[in-house]
A.B. asks: 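This is the structure I have questions about; it appears just below.
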Amino acid sequence: MSQVHLIDHPMIQHKLTIMRDKNTGSKDFRQLLEEISLLMGYEVTRDLPLEDVEIETPICPMVAKEVKGRKLAIVPILRAGLGMVDGLRTLVPVAKVGHIGLYRNEETHKPVVYYCKLPADIENRLVIVTDPMLATGGSACDAIAMLKERGCNNIRLMCLVAAPVGIEKVQAEHPDVDIYVAAIDKCLNENAYIVPGLGDAGDRIFGTK
Ligand code: PRP
Ligand code: URA
């Protein structure tokens, strides 16, 4: 069974509260999402293996540490997942970025695929899938399945706000994928929006409503 990592550092909770507020505008919403993504990225990458490397400081030679082995890819689920990429890339500037385009059908709430462009060597990378909202879990599950079809076997899911039902679905369909979230909310409403949530993340990031 995959693990759920609740990253509820006080600074993340504080920033998330501002994002949830309906009076927070698009510019601040985007900025805060980027800041939280960087802070969450710190925990998502906490267990990356290190190796020794010989360098010289201006004073003397030394054996220092650098991140070893598997390289990283960030894969945002369009559109809202895009808002988490820059924060993560500040932390890991060499990460490659793939894109998976999915939108939820407004009536069925089921995801519809419209785009997929991934780094050529994605199967050799640790993949961090980003999407601020994990509601029914349909979008995340389909995106992860698309990555697995392309040979990825080391995937982590980084979200901002999750509903319990979405977490359960990802754990049931992808028990090998750890989930990182800043908050687990109460439930979904009749339109499959997270309650209390923060509304439509894509619309708030891009100012489309
Ligand atoms: C939102 C969100 C997730 C999805 C979550 O995207 O960004 O991708 O819904 O819902 P689920 O867990 O029930 O699948 P949306 O379909 O609104 O597309 P957008 O990001 O382009 O606005
Ligand atoms: N997508 C969103 O943007 N918000 C929700 O609450 C659910 C799905």
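Atoms within a ligand are numbered from 1 in the order they appear, just like the ligands themselves.
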A.B. asks: Less than 4.0 Å is my threshold; does some heavy atom of Ala192 fall inside it relative to ligand 2?
C.D. replies: yes
A.B. asks: Are Arg104 and ligand 2 in contact, using a heavy-atom cut-off of under 4.0 Å?
C.D. replies: yes
A.B. asks: When you compare ligand 1 with Tyr103, is there at least one nitrogen or oxygen pair between them that comes in under 3.5 angstrom?
C.D. replies: no
A.B. asks: Do Ile18 and Asp28 have side chains that get closer than 4.5 Å, going by heavy atoms?
C.D. replies: no
A.B. asks: Using a 4.0 Å heavy-atom threshold (strictly under), name the region of Asp131 that reaches ligand 1: side chain, backbone, both or neither.
C.D. replies: side chain
A.B. asks: Among all protein heavy atoms, pick the one closest to atom 5 (C) of ligand 2 and tell me residue, atom and distance.
C.D. replies: Tyr193 CD2, 3.3 Å
A.B. asks: Please state whether Ala163 comes within less than 4.0 angstrom of ligand 2, counting heavy atoms only.
C.D. replies: no
A.B. asks: Under 4.0 Å from a heavy atom of Ala80: which atoms of ligand 1 are those, numbered in the order shown and with their elements?
C.D. replies: 7 (O), 20 (O)
A.B. asks: Check step by step if side-chain hydrogen bond (donor to acceptor under 3.5 Å, both in side chains) holds for Ser2 and Asp178.
C.D. replies: CA-CA 5 Å; Ser2 71; Asp178 275 10; 4.8 Å; no
A.B. asks: Any N/O of Ala192 closer than 3.5 Å to an N/O of ligand 1?
C.D. replies: no
A.B. asks: Return the closest protein heavy atom for atom 3 (O) of ligand 2 as residue, atom name and distance.
C.D. replies: Ala201 N, 2.8 Å
A.B. asks: Can you find a heavy atom in the side chain of Phe29 that is under 4.5 Å from one in the side chain of Lys27?
C.D. replies: no
A.B. asks: Does a donor on one side chain and an acceptor on the other come within less than 3.5 Å for Lys169 and His174?
C.D. replies: no
A.B. asks: For atom 12 (O) of ligand 1, which of Ser139, Gly137, Ala140 has the closest heavy atom?
C.D. replies: Gly137
A.B. asks: Nearest protein heavy-atom contact for atom 4 (N) of ligand 2: which residue, which atom, what distance?
C.D. replies: Gly199 O, 2.8 Å
A.B. asks: Please report which non-hydrogen protein atom sits nearest to atom 6 (O) of ligand 2, along with the residue it belongs to and the distance in Å to one decimal place.
C.D. replies: Ile194 N, 2.8 Å
A.B. asks: Locate the shortest heavy-atom distance separating Leu33 from Pro132; write the atom from each residue and the value.
C.D. replies: CD2-CG, 4.3 Å
A.B. asks: Please confirm whether Met133 comes under 4.0 Å of ligand 1, counting heavy atoms of the residue only.
C.D. replies: yes
A.B. asks: Just distances here: any N/O of Ile77 and N/O of ligand 1 closer than 3.5 Å?
C.D. replies: no
A.B. asks: What part of Ala80, side chain from CB on, backbone N/CA/C/O, both or neither, has a heavy atom under 4.0 Å from ligand 2?
C.D. replies: neither
A.B. asks: Got an N/O contact under 3.5 Å between Thr136 and ligand 1?
C.D. replies: yes
A.B. asks: Taking the six-membered ring of Tyr193 as reference, does the cationic atom of Arg104 (NZ for Lys, CZ for Arg) lie under 6.0 Å from its centre and within 45° of its axis?
C.D. replies: yes
